[in-house]
Amino acid sequence: SLPKKAIPWRTRLVLSPIILAAIVGIASYRSWGLRHVVAALVTEFTWDQKQNHKTNGLLLAFTINMQSSIILAPEGYSPQTMAQLSQRIINKSTPLAGAINPENTDRQINLVVVLSESFWDATEMKAVTFETDPLLNYRRLSRSHTSFNVISPVFGGLTCNAEFELMTALPVALMPKGAIPYQQHLRHRMPALPAILKDHGYATIAVHPFHRWFWNRHNVYDLIGFDEFISLENYDNWTIRGDYVSDLDLADAVIEIASRQDTPFFIFALSMQNHGPYEHRRYDPDDHDMNITGEDLCASTLAAVTNMSKGLQDADASLAKLTDHFATTDQPTMIVFLGDHLPHLGKNFDMYRRCGLVSETGALSLDEQRKLRTVPALIWTNYAPARQRLEDMSMSYVMPLILKKLGIGQSLPLHGFFAEFQNRYPLFNEYFHQYDGELQAGVPHDDQMVGDMRMIMYDLLVGQRHSMYDLMGIIDEEAQSGS
């Protein structure tokens, strides 16, 4: 037994306000009225917890992480509740339509998904004139294939949360503010896109030319079903373009990986070249033809926009490189190419205000919030191409769309629920949602379908994963073994 030793009253007196301050800080850190003052003095290294603890100390780092880490169980959560919810979804929902290989091909379709760093339509900035369109190939390919806009859950960073929605179809808007599922909540196998395709016989490979530990991807990718993760550490001959690995090099890596596969494959490529910051000199002036002008824009703003736009141009060239290559192969292949978020261009959307994307002063309207989260997307195939322009959709709806086009969605009852959710809320974001054709602020709370989504998210992320098999058709061996 532990020795019994009373703490002197003077020590208690000294420690009490410290402990009380820690409790109050944990409870109120993110909603505290002085949060913006604290933010000016504290740097949160959410992407690197070792650095976070080294810089901020154990107590402050713990306080920073606590509020977004805890997901409370929804009221009434239990095995019985999940069984009833699962049965209701199975009975009520209409699974996504489509037979196996719905695109008139008699073989399984290879899949390449590229989540392109800060890929967006910069020509929307009305105070900027582009002599050369940085998205020439995207627009050309959109004239003969499926294109649409995606509403990202993030702005200026936190790619991992956009990635989480893309891989799982679960909206981060229903998680605690500031939550990062890859770091804080994903500890077990998840019914994500790679896991589903793996169960259908696909080889699943992720490639990202940056450090494998970043955002905890080296652990997460195994849990969501990737067989292999190729990162910056796996290649010695990456070409640096600007500050990061070239997007054209990443395209070459995808092509090389695909050439090694003897089964249907899913390759997920996450780019880096166009990551910020953009303010310093990244490219030689003679290295590109991005001539950009703006009458009322200062030289530093034009330089940053030019650097960012050069990255867009190179990302667009990598899209053309991929489609040109796979157009010559005899295996049916689908490429999904989309942006992760808009780039960070100054504090308080400074450059976006000066460049005419949003109002110069004042609070942003819901429509302006939407603009700051809108990224382009393209679905290209080397079989039965047809032009189709889809309605804008949230990032979490892209995964069910992919499975529908692959002919797999009809076997997953939960994806019928996702389709119903999308039909009710075509856009669903932390800052706004679309209902009955109108943008409304925040997240709807008094709605059974939103409550059902919360219940499913809790069950899959931090609960007992009762819905893994019933709704997704994936057997959770960990849950069955009681671990």
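Among residues two or more places apart in sequence or in another chain, the salt bridge (Lys or Arg N to Asp or Glu O under 4.0 Å) test is passed with R260 by E256. Shown here are the salt bridge (Lys or Arg N to Asp or Glu O under 4.0 Å) partners of D222, two or more places apart in sequence or in another chain: there are none. Applying the side chain to side chain donor-acceptor pair (under 3.5 Å) test to T239 and every residue at least two apart in sequence or in another chain returns D249. Applying the side-chain contact (heavy atoms from CB on, under 4.5 Å) rule to P426 yields the partners Q434; only residues at least two apart in sequence or on another chain are considered. Listed by chain and residue number, H325, F326, T333, N382 satisfy the side-chain contact (heavy atoms from CB on, under 4.5 Å) test with T329 (two or more places apart in sequence, or in another chain). Take E368 and apply the side-chain contact (heavy atoms from CB on, under 4.5 Å) test, not counting sequence neighbours, and it matches V358, S359, L364, S365. For R454, the side chain to side chain donor-acceptor pair (under 3.5 Å) test picks out H445, with sequence neighbours left out. Remark: D447 pairs with R424 by the salt bridge (Lys or Arg N to Asp or Glu O under 4.0 Å) rule, at least two apart or across chains. With sequence neighbours excluded, the residues that form a side-chain contact (heavy atoms from CB on, under 4.5 Å) with E430 are A173, K177.
Identified under the salt bridge (charged side-chain N to carboxylate O under 4.0 Å, His left out) test for residues 339-359, with sequence neighbours left out: D350-R354. The salt bridge (charged side-chain N to carboxylate O under 4.0 Å, His left out) analysis of residues 379-397, with sequence neighbours excluded, yields the pairs R370-D392. Applying the salt bridge (charged side-chain N to carboxylate O under 4.0 Å, His left out) test to every pair with at least one member in residues 315-338, sequence neighbours left out, gives these pairs: D252-K321.
Using a 4.0 Å cut-off between charged nitrogen and carboxylate oxygen, D133 and R140 do not count as a salt-bridge pair.
The aromatic rings of H145 and W380 lie tilted to each other, with the angle between the two planes from 30° to 60°.
Taking the ring centroids of F119 and F337, they lie under the 6.0 Å cut-off. You'll find the ring centres of F229 and Y221 inside the 6.0 Å limit. Residues H211 and F214 place their aromatic rings such that the two centres sit no closer than 6.0 Å.
Residues Y244 and N274 fail the side-chain proximity criterion, which asks for heavy atoms closer than 4.5 Å.
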F155 vs H341, ring pair (Phe, Tyr, Trp, His ring centres under 6.0 Å): CA-CA, chis, key distance, verdict: CA-CA 5 Å; F155 168 83; H341 54 69; 7.8 Å; no
